[in-house]
Amino acid sequence: MSNTTSPETDAVDAPPGPVLMHGCPVTESLGQVVIHPTREQYVAVVKALADEGYAMCVDLCGVDYLNHPDRPLPVGIAPERFEIVVNLLDLTNRRRIRLRVQVPAGDATVPTLFDIHPGTEAMEREAYDMFGVEFAGHPDPSRILMPEDWIGHPLRKDYEIG
């Protein structure tokens, strides 16, 4: 094939662009679709997916990538220390989708999904308790696993042992 710019060949010769869904880069992991929204896109993307049938949030967790800053991410997504990972199900159409949201250590806050998926209430509290990621607008941002007076977040990679 040639690298011409004629209208007849543009569609054939143009390099493929990134795959996007709701304006966010999409990758695949072990056969599962993974969307990479920014924190600003996060809630709008989850609402759009709920409208498309992804009515159940089966998992929401935090990840601390302190020791893995070079993990693979799509072009345009800057790696941050923390990541919020959300798994949604569409039971009607038997589909599953995952979201991975980068969260900087200096501003470890993302919006809550409680208004869309009330079942995330405990999962967001656990992510806060273990990693220190706060969920803006959460109805009960208290600890769920550790005592209220506990200092620190035990699943952070820099948490002191002992």
Requested in this report: Please check if the side chain of E126 supplies one atom and the backbone of L145 the other of a donor-acceptor pair under 3.5 Å.
Outcome: no
**Report entry** salt_bridge(D64, R156) N-O dist < 4.0 Å
**Finding:** no
Query raised in the report: When rounded to the nearest 0.5 angstrom, what is the spacing between CG in L113 and NE2 in H138?
Result: 9.5 Å
**Report entry** Connected via hydrophobic side-chain network under 4.5 Å: V43 and Y128
**Finding:** no
Query raised in the report: Do V45 and C24 come close enough that some side-chain heavy atom pair is under 4.5 Å?
Result: yes
Query raised in the report: With hydrophobic residues grouped by side-chain heavy-atom distances under 4.5 Å, do V85 and M123 end up in a single group?
Result: no
Query - Contact check, side chains of K157 and Y65, non-hydrogen atoms, under 4.5 Å - result: no
**Report entry** Nearest heavy atoms of I77 and H36, plus distance in Å
**Finding:** CD1-O, 3.5 Å
Report summary line: Rounded to the nearest 0.5 Å, the CG atom of N87 sits from the CD atom of Q32 at a distance of 5.5 Å
Query - V63 with V101, same ILVMFWY side-chain cluster at under 4.5 Å - result: no
Query - Contact summary for R100 and V34, nearest pair of heavy atoms - result: CD-CG1, 3.6 Å
Query raised in the report: How about Y42 and P111: do any of their side-chain heavy atoms sit closer than 4.5 Å?
Result: yes
Query - Atom of N67, atom of P69 and distance for their closest heavy-atom approach - result: C-CD, 3.4 Å
Query raised in the report: Is a salt bridge present between R71 and E83, judged by a nitrogen-to-oxygen distance below 4.0 Å?
Result: yes
Query raised in the report: What closest approach, in Å, do V26 and L20 show between heavy atoms, and which atom pair accounts for it?
Result: CG2-C, 3.9 Å
Query raised in the report: Just by distance, do the side chain of D90 and the backbone of R95 share a donor-acceptor pair under 3.5 Å?
Result: no
Query raised in the report: Atom CE of M146 and atom CE of M130: how far apart are they, to the nearest 0.5 Å?
Result: 5.0 Å
**Report entry** Same apolar cluster: F114 and I144, side chain cutoff 4.5 Å
**Finding:** no
Query raised in the report: Which value, rounded to the nearest 0.5 Å, describes the distance between R81 atom CZ and L66 atom CG?
Result: 4.5 Å
Report task. May I ask you to decide if the ring planes of F82 and F131 are parallel, tilted or perpendicular, using 30° and 60° as cut-offs? Result -> perpendicular
Report summary line: Closest heavy-atom pair, F135 versus I84, reported as atoms and distance to 0.1 Å, is CZ-CD1, 3.8 Å
Query raised in the report: Is there a side-chain contact between V103 and E80 (heavy atoms, below 4.5 Å)?
Result: no
**Report entry** Approximate separation, where rounding is to 0.5 Å, of L49 CG and L89 CG
**Finding:** 12.0 Å
Report task. Would you mind reporting whether E148 and S142 have side-chain heavy atoms less than 4.5 Å apart? Result -> yes
Query raised in the report: So among H117, E121, E124, which one has a side-chain hydrogen bond (donor to acceptor under 3.5 Å, both in side chains) with T112?
Result: E124
Query - Transitive ILVMFWY side-chain link M21 to I116, under 4.5 Å - result: yes
Requested in this report: Please say which of C57, P37, C61 ends up in a side-chain contact (heavy atoms from CB on, under 4.5 Å) with V86.
Outcome: C57
Query raised in the report: Is there a side-chain contact (heavy atoms from CB on, under 4.5 Å) between R96 and V58 once you walk through the steps?
Result: CA-CA 10 Å; R96 177 184 293 263; V58 293; 4.0 Å; yes
Report summary line: To the nearest 0.5 Å, atom CD1 of I151 lies from atom CG of D149 at 7.0 Å
Requested in this report: Over all heavy atoms of both residues, which pair between L91 and M56 is shortest? Give the atoms and the distance, please.
Outcome: CD1-CE, 4.0 Å
